[in-house]
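Numbering of ligands and ligand atoms starts at 1, following listing order. Numbers here simply count residues along the sequence, with the first being 1.
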Amino acid sequence: MTKDCHMVWDSCLRIIKKSVPPQSYKTWFEPIRPVHLNNSELTIQVPNKFFYEWLEEHYVQLLKTSIRQELGERGRLLYHIMEGAQNGTNKTSEPTHSQPSADKDNEPVPGVFDAEMIKNPFVIPGIRRIKIDPQINPNYQFDNFIEGDCNRLARNAGMAVAKKPGGTAFNPLVIFGDVGLGKTHLAHAIGNEVVNRYADKMVLYVSAEKFTNQIIQAIKNNAVNDFVNFYQMIDVLILDDIQFLSGKQKTQEIFFHIFNQLHQNGKQIILTSDRPPKDLEGIQDRLISRFKWGLSADLQAPDLETRMAILGAKMEVEGVDIPNDVLEFICYNIKNNIRELEGVMISLMAQSTLIRRDVDIELAKEVIRNFVTTINKEITVEFIQELVAEHFNVPVERLHQETRKRNIVIARQLSMFLAKKLTNKSLKAIGETFGGRDHSTVIYSCKAVQDMMDTDMIFMDTVSELEKKIKMSLNH
Ligand code: ADP
Ligand code: MG
């Protein structure tokens, strides 16, 4: 009886199935189709180059054994690589000769493994094995991520995930919190820890912004499939600042697909966000519901002791010596943003070297005051109007016009209130920036907002959230 390619491949699969974990079998062998058998040469079709490479990298021995068992010592395997699937037409590339019996260190197979052709920004060209640069910052480690009540849950969950990527219930792990509280640091620390523990795991850190830009590029180059395939091979994917995906439908769609594949295959996903998943606006519900599958852990503003420990540790690394009372003074005054805390320390050191003054509380006061007034100087009424209008989802011009529409009236009154509170502008000047209203309107508005805050807790939260956002936005 003559064998056909299906029979041969089925027999190979039976051998392979016994030797690899079910999940790997499903991922790497089920998608393969036998296409041709010519004497002792079996041709199989694989979805893309990455796939081919993965097989060669991880399963060459197994493939060799099974092929030889079926086709004898002269048994050979050839690959067809499907390409251009995103266009709907599956063009088959020239069959390329790859001998499972070949030495692993042999020259790359010509034609198939052309690093130039791999449309992925992270592939290090010229290296035969798939090696990606994980894009993690070696300075951000667990060791220098000081633990406090404010971050204990997130830090411990991060450590658990790093020890067993994909193997805990924390998948995805969502780290959320305000700007400057350590989300990016912690995300990198997890990446570093995984790389240290598991040299063979593919880790990738990418900001949501970069991810979005890559998708735009991939669409331009007609390479969305390559893009998706690449991301599906990652073991630990860290996507920073997912709020950036808001409103970007195509990116969300592609990420949804990648997320599902990774999650299904037991790969670890780590996300950071400036707010809890449920509050993400402009993000598809199906994504938000997936973000909630694992654990969402927040980073809060650190208490005084933790702030001092963080700053103390930074100073030690930098070789900076600041008297304790000054350290405490700084930490006492800068509460909500660790990056700012570091900023003050750096300015303080700069001042002391430039004007050769001892670092004391007087100098610290001047630096902090400078810090704070430069921040205040930058807050403009226009900026407040923009943020408030955006929050209420109304065009900013509407704030200047006559209207009785309730949400616009509230947005306008609130903008006035915040302008009064956060800028040095006079009532008259504020009124003018709202389509030429007079100062008594501004007074009335401020009182109306105050009354609402006194009676409506939710409104009060909105106001403080916006206030914080306005202050924070200026730190960039
Ligand atoms: P986010 O991404 O939340 O805006 P970052 O991760 O960029 O914040 O952190 C801002 C700065 O604060 C970084 O320099 C980071 O190293 C530092 N930082 C934050 N939390 C800690 C911590 N617990 N221990 C030490 N440094 C911290
Ligand atoms: Mg960050």
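For the pair Asn137 (side chain) and Asn139 (backbone), a donor-acceptor distance under 3.5 Å is present.
Counting only N and O atoms by type, the side chains of Ser207 and Asp240 include no donor and acceptor under 3.5 Å apart. A donor-acceptor pair shorter than 3.5 Å can be found between the side chains of Gln284 and Gln249. Between the side chains of Tyr231 and Gln214, at least one donor N or O lies within less than 3.5 Å of an accepting N or O.
Taking 4.0 Å as the cut-off, Asp178 counts as a neighbour of ligand 1 on heavy-atom distance. Not a single heavy atom of Gly177 lies less than 4.0 angstrom from ligand 1.
Classification of Arg357 and Glu366 as a salt-bridged pair holds, one side-chain N sitting under 4.0 Å from a carboxylate O.
Here atom 25 (C) of ligand 1 lies nearest to Asn144 when heavy atoms of Asn144, Val179, Asn139 are compared.
Residue Lys314 touches ligand 1 through its side chain alone, judged by heavy-atom distances below 4.0 Å. If you look at Asn151 next to ligand 1, the close heavy atoms, those under 4.0 Å, all belong to the side chain. For Ile146, heavy-atom contacts with ligand 1 shorter than 4.0 Å involve the backbone as well as the side chain.
The Mg ion (ligand 2) does not have Thr272 among its coordinating residues (no N/O/S atom, backbone or side chain, under 2.8 Å).
Regarding atom 2 (O) of ligand 1, its nearest protein heavy-atom neighbour is Thr184 OG1, 2.7 Å. When hydrogens are left out, the protein atom nearest atom 7 (O) of ligand 1 is Arg339 NH2, 2.7 Å; that is the closest non-hydrogen contact. Of the protein's non-hydrogen atoms, Glu342 OE2, 3.7 Å is the one closest to atom 13 (C) of ligand 1. Nearest to atom 4 (O) of ligand 1 among the protein's heavy atoms is Gly180 N, 2.7 Å. Among all protein heavy atoms, the one lying closest to atom 8 (O) of ligand 1 is Gly182 N, 3.0 Å. Protein heavy atom at the shortest distance from atom 6 (O) of ligand 1 is His185 N, 2.8 Å. Nearest protein heavy-atom contact of atom 12 (O) of ligand 1 is Ile338 CG2, 3.1 Å.
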Apply side chain to side chain contact (heavy atoms under 4.5 Å, CB included) to residues Gln268 and Ile190 and explain how you reach the verdict.
CA-CA 11 Å; Gln268 181 67 46; Ile190 299 171; over 6 Å; no

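Under the 6.0 Å distance and 45° angle rule, Arg286 counts as a cation-pi partner of Phe256. Phe244 carries Lys248 over the face of its six-membered ring, with the cationic atom under 6.0 Å from the centre and within 45° of the normal.
Minimum interatomic distance between Thr272 and Asp241 (heavy atoms only, all atoms of both residues): OG1-N, 2.7 Å.
Asp454 CG: more than 12 foreign heavy atoms inside a 6.0 Å radius.
Listed by number with element, the atoms of ligand 1 under 4.0 angstrom from any heavy atom of Lys183 are 1 (P), 2 (O), 3 (O), 4 (O), 6 (O), 8 (O).
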